Protein chains: 2
Amino acid sequence: MARRTKQEADETREALLDAAEQVFLDRGVARASLDEVARVAGCTRGAVHWHFRDKLGLFLALDERLVLLQDEVKDRLCIEEDGSLQSMACAITAAMKDFEENPRRRRLLTIMLQRCEYVAEMAPALQRRRQADTEIRETLRRRFQEVAERGDLSPAWPPERAALFLYALISGLLHEWLRGEADFTLSGEVSDAIRSFLDCVAARPVSGGEK
Amino acid sequence: MARRTKQEADETREALLDAAEQVFLDRGVARASLDEVARVAGCTRGAVHWHFRDKLGLFLALDERLVLLQDEVKDRLCIEEDGSLQSMACAITAAMKDFEENPRRRRLLTIMLQRCEYVAEMAPALQRRRQADTEIRETLRRRFQEVAERGDLSPAWPPERAALFLYALISGLLHEWLRGEADFTLSGEVSDAIRSFLDCVAARPVSGGEK
DNA sequence: CTTTATATACATACTTGAAGGTATCTTTAC
DNA sequence: GTAAAGATACCTTCAAGTATGTATATAAAG
């Protein structure tokens with residue numbers, strides 16, 4: 001086919017990414033074929049190889065989409081923060097709600113966590129994931145640090161431990177939830193549980209006892 | 001080659017499973033070839049297809065190995081249990097230590113969690129994993145139930161929530177630890193953190209304040 | 001106790017098919 | 001006119017499946 005206008009080309013690129021999202025999700029990255037991605041996007045492999053170097057390139061571009069979404073959350077966690085555990089709980093609840101309401105986000109995370117094997121030529125993707133995770137943990141640690149400096153953190157919970165703990169907790173719950181038939185909701189039970197946890201690590205109760 | 005004695009054949013089967021463990025671990029299940037598995041085991045693909053129907057069959061046999069190990073832990077969690085949070089903490093600490101000391105266990109879990117894509121023909125494997133996880137959660141729930149009946153569980157933590165929480169926590173920490181360069185140890189920081197958590201959910205302190 | 005038949009435990013070879021990479025062709029925007 | 005934006009076609013690789021070869025363990029028959 002012929003040369004398209006620049007806007008049309010960008011649309012093609014987005015269509016390819018959308019298609020990759022879908023195909024990777026139900027075939028897994030390794031078993032997904034570029035041909036199917038192209039057909040779902042309404043074009044051919046020629047277009048794929050024009051916009052992306054190879055399958056890894058396509059995958060990394062998809063990962064970039066998720067990184068952008070994660071950065072949004074991270075920023076919100078920083079901005080809305082006033083140094084209280086209360087505000088941390090709010091920010092995390094908001095993030096959970098976002099996962100439920102933004103299907104793209106859910107699909108992308110499912111792909112990165114459960115639809116690919118980080119091995120061999122996928123190594124650069126692994127690095128990216130690791131870095132993103134490290135940044136989140138570090139952000140959490142800084143928040144807990146601030147809480148501690150206010151004297152609102154129980155001495156049994158140094159900021160590092162609290163951050164690792166909360167990160168692992170959220171990560172574990174997300175894993176379980178992403179598998180599909182979870183018997184809980186992120187904005188419901190999970191947010192409640194996290195509030196309960198934040199109550200635990202508080203030097204003094206934050207949510208007024210039984211709220 | 002010729003027919004081997006039954007014992008030799010069993011040894012071959014074990015060698016193939018060991019080889020699969022290694023090859024799956026560093027190539028990922030999807031990219032691993034049965035030919036390489038066979039060569040690592042010191043035989044050919046003929047042997048693989050004799051002992052296992054296909055790659056999925058080989059994978060399921062590997063999974064069975066892990067299920068057996070997990071059942072051991074589950075049984076220990078039931079046997080050593082006297083209904084106190086203290087004994088739960090001990091059982092979990094023992095399980096963590098086991099992960100550190102039993103390399104096969106670590107490799108198997110890494111494969112099941114991070115080296116395969118549960119999709120399409122891998123569906124039966126996914127079911128097996130889900131069932132194993134459900135059993136663990138259910139076991140934890142029953143333990144918490146017993147603790148609650150003794151009046152030792154904080155009313156803020158119904159057994160279901162506590163079980164889901166602890167399961168997610170351990171799962172998240174294991175995921176992180178399995179990725180390789182974790183900045184913590186299972187028998188050290190993780191066990192400590194879990195004890196801290198169990199202190200949180202206790203109706204009254206269990207480890208004597210600052211132990 | 002020997003012989004014989006048969007199933008066992010693989011090895012080897014052949015076929016098939018899917019997928020990725022690359023090269024070339026075709027329009028058309030700029 | 002030239003380079004962008006793909007389509008089409010070709011080639012190669014690689015792995016799974018299958019079929020068949022083959023020597024021997026083993027159990028049954030004599």
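Just so it is clear, the structure is predicted and the values come from calculations on it, not from any experiment.
In this pair, B/Y118 and B/F59 present their aromatic rings perpendicular. The plane angle is above 60°, beyond the 30 to 60° band.
D/dA5 atom P lies 13 Å from atom CD of A/E11, rounded to whole Å. B/R4 places its CZ atom 12 Å from the C1' atom of D/dA25, with the value rounded to the nearest Å. When the P atom of C/dC10 is taken as reference, atom NZ of B/K6 falls 11 Å away, rounded to whole Å. For the pair B/F59 CZ and D/dA16 P, the interatomic distance rounds to 15 Å; values are reported in whole Å. Going from atom CD of A/E8 over to atom C1' of D/dA5 covers 10 Å, rounded to whole Å. Protein atom CG of A/D10 is 14 Å distant from nucleotide atom P of D/dA4, rounded to whole Å. Separating the CZ atom of B/R39 from the P atom of C/dC10 is a distance of 18 Å, rounded to the nearest angstrom. Rounded to whole Å, atom P of C/dC10 lies 20 Å from atom CZ of B/R53.
Between the side chains of B/T134 and B/E138, no donor-acceptor pair is found at a separation under 3.5 Å. Between the side chains of B/E135 and B/Q131, at least one donor N or O lies within less than 3.5 Å of an accepting N or O.
For C/dC30, the OP1/OP2 oxygens have a side-chain nitrogen or oxygen of A/T5 closer than 4.0 Å. Residue A/K55 has a polar side-chain atom (N or O) positioned under 4.0 Å from OP1 or OP2 of C/dG20. Contact annotation: A/T12 reaches the phosphate of D/dG6 (side-chain N/O to OP1 or OP2, under 4.0 Å). For C/dC10, the OP1/OP2 oxygens have a side-chain nitrogen or oxygen of B/H51 closer than 4.0 Å. Taking 4.0 angstrom as the limit, B/H49 places none of its side-chain polar atoms (N or O) nearer than this to OP1 or OP2 of D/dT18. At the phosphate of C/dC10, neither OP1 nor OP2 sits under 4.0 Å from any side-chain N or O atom of B/W50.
For the pair B/R106 and B/W177, the cation-pi test (distance below 6.0 Å, angle within 45°) is passed.
Contacts of residues 21-37 of chain B with DNA chain D (heavy atom under 4.0 Å): B/A32, B/S33, B/L34.
Put simply, the side chain of A/K97 never gets that close to the backbone of A/L186: no donor and acceptor are under 3.5 Å apart.
Distance from the side chain of A/A9 is smallest for D/dA5 among the nucleotides C/dA13, D/dA9, D/dA5.
B/F165 and B/W157 have their aromatic ring centers within a separation under 6.0 angstrom.
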Determine whether A/F197 and B/F197 satisfy the following criterion, ring-ring contact (aromatic ring centres under 6.0 Å, His included), listing intermediate values before the conclusion. CA-CA 8 Å; A/F197 167 68; B/F197 167 67; 7.7 Å; no
